[in-house]
Amino acid sequence: MPVHNAEIARLFEQLADLLEVEDANPFRVRAYRNAARTVSNNSKSMADLLAGGKDLSKLPGIGKDLAEKIRTIVETGRLPLLEEVRARTPAALSDLMKIEGLGSKRVKVLYSQLHITCPEDLQRAARSGRIRELEGFGRKTEEMILHRLEHFGDAQARTRLVDAEETVKPLLAYLQATRGIKDIVVAGSFRRRSETVGDLDILATASRGSPVMDRFVAYDQVAEVISSGKTRATVVLRSGLHVDLRVVPQASYGAALCYFTGSRAHNIAIRKIGVRKGYKINEYGVFRHDKRIAGKTEKSVYRQVGLPCIEPELRENSGEIEAAGKNRLPRLVSVDDIRGDLHCHTRASDGHDSLEEMVTAARAKGYEYIAITDHSKRLTVAHGLDEKRLLREIGQIDRLNDKLDDIVILKGIEVDILEDGTLDIQDKLLGQLDLVVGAVHYKFNLTRRKQTERIIRAMDNPYFNILAHPTARLINERAASEMDMEKVMTAARERGCFLEVNAQPVRLDLTDSHCRLAREAGLRVAISTDAHSTKGLDHMRFGIDQARRGWLEAADVLNTCKLPDLRKLLTR
DNA sequence: GCCGTTTTCGGCCCGACTGTTTTCAGTCG
């Protein structure tokens, strides 16, 4: 069982927490946190990199020591230094630090003065009024702790981007209607179009005396006000989502937008470049000797550090700054580049709308083509098509195509990949289709080796074109199936097959880092909505978001091709 | 613990808000 990047990151994070409680050098603590982030953000597994003979100390924030520690973890599953530290300092203290408002300093006092090591101890102590007597603590802090403990352990899953959008839309409209409001925008991971967001960061500019802060904390969906000052407030909505609002002067809008869009790692890297040039960069602007020299627009901030403006989706400090420096930023794919949808369903299987309705909706989008890919027979819950019903659908599409001159309907199927890697529809029929989309809908938990073999075997079928929702993960619901993604991508490229970025907001499968992996492997991806209704076709933009985060350009995407080129690529 | 086009030593982002304080430490992002 290979050690996952997430596990390595978890060990480093815990080590950082415990060292912080022990008052270790804060920069050493930060080094472990940075390393945890580098590891978990890396699209390739550390185990694979090591197996491939790669030098991990080349990774940002990983030096000789941490490279060696990663190797030890991969080889033994253990981090000896963490075990040493745990012998002195209880590991559970790192859980206490997850409670909002408790950091290393307070946890250290709680542990050393009251021997508190877990949330239960903490609750008992707070209820009996012993917390307020500690130096540096008081009545309010004790109340805060009790309050936070009530909701501690509630699944603190990150919010899916689509849900965050639903939440923020009415809030933005409400704030927009405030007297004196000028700009208002959602920054943070939402603006970077991350597949999930931890909280929402709203940035506003407003004229002096605008009551925007008062209005914000008075919003009817606010369940709790965490803090509220003149320029910044934090609330928790009834949905559980944390929302920050920051108000800055107009002259600082661009600098603030950079600052609050992040990512943190990206900002720090940009600020370092600024420091080298003798500038101070913060949310109010770029300063030289306390004089603001840039900051009204984002572009002005980047220009001041000698870089072109970097798209929000790329701001993860994962190579975009170096690429910008060499003027080699990708020209990211956009919704306008898309010429058709290659995966959608009709009422024939589990879709809500008819063939005609789906095609009409695709025409309204200006698409050149749309592929109809209903399910195959094994998926009985979806009323999957057998050979006979598939033949009937083929006939329907042929007749409809004859009547249309502004769009072409491609005949397809989303065929089940069976456990042994064979396909759920006879080859004879697959050969009559324009494209075959294959997907795994059961046996998600095969071993990594077996799952990889299963998928490659499916791609061995000469009619196979696109692997749909490759890992079958559902965000916050079902983990990704284990597979050797690099092997799958290599196999796909060798066979003339493609992988899908499924644009359903709950899937977004491939992930952003998979997209990047595909680009590096020279493998085109299809961005498809897997629409089960005409409305589902609108999800394309979420797939585009994911692809943009994965550095994809139009040329990296199969369905940006004109129909004749697409047909060539679908002929193996 | 990492890092280097002024450096292999001496830096490492920094401002807002809160609570406990009487000038600041802790936490967060």
Side-chain angles (χ1 to χ4, degrees), chain A residues 12 15-17 19-21 23-38 56-70 79 81 96-110 131-145 147-148 187-190 197-203 213 217 225-235 242-248 252 255-256 258-287 305-306 317 325:
Chain A
F12 282 163
L15 181 54
D17 283 348
L19 286 174
E20 205 178 357
V21 172
D23 265 335
N25 176 348
F27 298 106
R28 184 178 171 220
V29 171
R30 186 190 294 174
Y32 282 112
R33 294 201 199 284
N34 288 341
R37 203 174 45 222
T38 296
L56 298 185
S57 69
K58 295 272 191 292
L59 295 172
I62 309 285
K64 219 174 120 201
D65 180 272
L66 283 169
E68 207 40 55
K69 287 194 167 73
I70 293 172
L79 177 54
L81 176 61
L96 286 183
M97 287 176 64
K98 307 247 176 329
I99 296 170
E100 198 171 349
L102 289 189
S104 61
K105 296 284 162 53
R106 286 181 178 151
V107 164
K108 185 193 168 88
V109 171
L110 291 168
I131 305 280
R132 70 178 71 184
E133 285 156 14
L134 294 170
E135 197 176 328
F137 289 72
R139 184 179 52 81
K140 288 210 167 174
T141 305
E142 188 174 81
E143 283 169 7
M144 179 271 293
I145 287 172
H147 181 76
R148 299 277 191 272
S189 49
F190 184 93
V197 301
D199 59 11
L200 289 172
D201 297 293
I202 301 178
L203 174 68
M213 278 300 170
V217 297
V225 178
I226 303 259
S227 74
S228 135
K230 280 204 290 287
T231 65
R232 173 181 157 181
T234 304
V235 303
H242 282 52
V243 186
D244 272 17
L245 174 65
R246 335 255 184 153
V247 181
V248 299
S252 301
C258 284
Y259 189 91
F260 296 123
T261 298
S263 66
R264 218 147 99 143
H266 175 88
N267 285 349
I268 289 171
I270 292 289
R271 224 167 293 149
K272 272 186 187 164
I273 300 176
V275 168
R276 271 211 298 277
K277 293 177 182 285
Y279 305 143
K280 184 178 77 167
I281 303 177
N282 58 29
E283 60 263 56
Y284 297 112
V286 182
F287 296 86
V305 293
N317 193 29

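Note: hydrogens, waters and symmetry copies are ignored here, and every other heavy atom, side chains too, is used.
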Check the chi torsion on B:dT6 and let me know: syn if it falls within 90° of 0, anti if not.
anti
Rounded to the nearest angstrom, tell me the gap between atom CG in A:Leu203 and atom P in B:dG29.
17 Å
Within-4.5 Å side-chain heavy-atom neighbours: A:Leu134 and A:Leu110:
yes
Taking every non-hydrogen atom, the tightest pair across A:Ala255 and A:Tyr284
CB-C, 3.9 Å
Using side chain to side chain contact (heavy atoms under 4.5 Å, CB included), reason through A:Leu96 and A:Arg106 one step at a time and then give a plain yes or no.
CA-CA 10 Å; A:Leu96 286 183; A:Arg106 286 181 178 151; over 6 Å; no
Quick one, which residues of residues 260-268 of chain A touch DNA chain B with a heavy atom under 4.0 Å?
A:Arg264, A:Ile268
How far does the P atom of B:dT22 sit from the matching atom of B:dG26, given to the nearest Å?
13 Å
Please figure out whether A:Val275 or A:His242 has its closest DNA chain B nucleotide nearer the 5' end.
A:Val275
Determine the Euclidean distance between corresponding P atoms of B:dT27 and B:dT20; express it in Å to zero decimal places.
13 Å
Measuring only the C1' atom in each nucleotide, how far is B:dC17 from B:dT21? A whole number of Å is fine.
15 Å
To the nearest Å, how far apart are A:Glu100 CD and B:dT27 P?
13 Å
Side chain of A:Phe27 (C-beta onward), nearest among B:dC14, B:dT27, B:dC12
B:dC12
Of all residues at least two apart in sequence or in a different chain, which pass the salt bridge (charged side-chain N to carboxylate O under 4.0 Å, His left out) check with A:Arg139?
A:Glu143
Heavy-atom check, side chain of A:Asp199 versus side chain of A:Thr234, under 4.5 Å
no
Closest heavy-atom pair, A:Ile281 versus A:Gly274, reported as atoms and distance to 0.1 Å, is CD1-CA, 4.0 Å
In whole angstrom, what separates A:Lys272's NZ from B:dC12's P?
10 Å
Residues which pass salt bridge (charged side-chain N to carboxylate O under 4.0 Å, His left out) with A:Arg33, listed by chain and number, not counting sequence neighbours
A:Glu13, A:Asp17, A:Glu20
Checking N1-N3 plus N6-O4 or O6-N4 for Watson-Crick, or N1-O2 and O6-N3 for wobble, each under 3.5 Å, the partner of B:dC28 is B:dG15
Shortest non-hydrogen contact from A:Leu56 toward A:Ala67
CB-CB, 4.0 Å
Between C1' on B:dC28 and CZ on A:Arg30, what's the gap in Å once rounded to a whole number?
14 Å
With rounding to the closest Å, how many angstrom separate the C1' atoms on B:dT7 and B:dC2?
14 Å
For a quick check of understanding: with a heavy-atom distance under 4.0 Å over all strands, which category does A:Ser104 fall into, base, sugar-phosphate or nothing?
sugar-phosphate
How would you list, by chain and number, every residue that makes a salt bridge (charged side-chain N to carboxylate O under 4.0 Å, His left out) with A:Lys69, sequence neighbours excluded?
A:Asp65
Atom of A:Pro60, atom of A:Thr38 and distance for their closest heavy-atom approach:
O-OG1, 3.0 Å
How many whole angstroms separate atom OH of A:Tyr32 from atom P of B:dG1?
4 Å
Within the pair A:Asn282 and B:dG15, is there a side-chain N or O less than 4.0 Å away from OP1 or OP2?
yes
Using a heavy-atom cut-off of 4.0 Å across all strands, would you classify A:Lys108 as base, sugar-phosphate, or nothing?
nothing
Strictly under 3.5 Å: I want the nitrogen or oxygen pairs between protein and nucleotides 16-23 of chain B, one per line.
from: B:dA16; atom 1: OP1; to: A:Tyr284; atom 2: OH; distance (Å): 2.9
from: B:dA16; atom 1: O3'; to: A:Thr231; atom 2: OG1; distance (Å): 3.3
from: B:dC17; atom 1: OP1; to: A:Lys230; atom 2: N; distance (Å): 3.3
from: B:dC17; atom 1: OP1; to: A:Thr231; atom 2: N; distance (Å): 3.0
from: B:dC17; atom 1: OP1; to: A:Thr231; atom 2: OG1; distance (Å): 3.3
from: B:dC17; atom 1: OP1; to: A:Arg232; atom 2: N; distance (Å): 2.8
from: B:dC17; atom 1: OP1; to: A:Arg232; atom 2: O; distance (Å): 3.3
from: B:dT18; atom 1: OP1; to: A:Ser228; atom 2: N; distance (Å): 2.7
from: B:dT18; atom 1: OP1; to: A:Ser228; atom 2: O; distance (Å): 3.4
from: B:dG19; atom 1: O3'; to: A:Thr141; atom 2: OG1; distance (Å): 3.1
from: B:dT20; atom 1: OP1; to: A:Gly138; atom 2: N; distance (Å): 2.8
from: B:dT20; atom 1: OP1; to: A:Gly138; atom 2: O; distance (Å): 3.2
from: B:dT20; atom 1: OP1; to: A:Arg139; atom 2: N; distance (Å): 3.2
from: B:dT20; atom 1: OP1; to: A:Lys140; atom 2: N; distance (Å): 3.4
from: B:dT20; atom 1: OP1; to: A:Thr141; atom 2: N; distance (Å): 3.3
from: B:dT20; atom 1: OP1; to: A:Thr141; atom 2: OG1; distance (Å): 3.1

Taking side chain as C-beta onward, heavy atoms only, is A:Leu102 less than 4.5 Å from A:Arg148?
no
In whole angstroms, how far is the P atom of B:dG15 from the CG atom of A:Asp201?
18 Å
Roughly how many Å is it from CZ in A:Arg148 to P in B:dG26, rounded to a whole number?
19 Å
With distance as the sole criterion, do the side chain of A:Asn25 and the base of B:dG1 form a donor-acceptor contact below 3.5 Å?
yes
Say we look at B:dT18 and B:dT23: how far apart would their C1' atoms be, to the nearest angstrom?
15 Å
Using distance alone, with no hydrogens and no angle criterion, decide if A:Asn34 and A:Arg37 have a side-chain donor and acceptor under 3.5 Å apart.
yes
Remember a base hit wins even if backbone is also touched, and classify A:Tyr259 as base, sugar-phosphate or nothing at under 4.0 Å, heavy atoms.
base
How far does the C1' atom of B:dG15 sit from the matching atom of B:dG10, given to the nearest Å?
25 Å
Contact pattern, 5' to 3', of nucleotides 2-10 of chain B - B, S or - by protein heavy atom under 4.0 Å
SS-------
Looking only at atom types and distance, does a side-chain atom of A:Glu283 sit under 3.5 Å from a main-chain N or O of A:Tyr259, one as donor and one as acceptor?
no
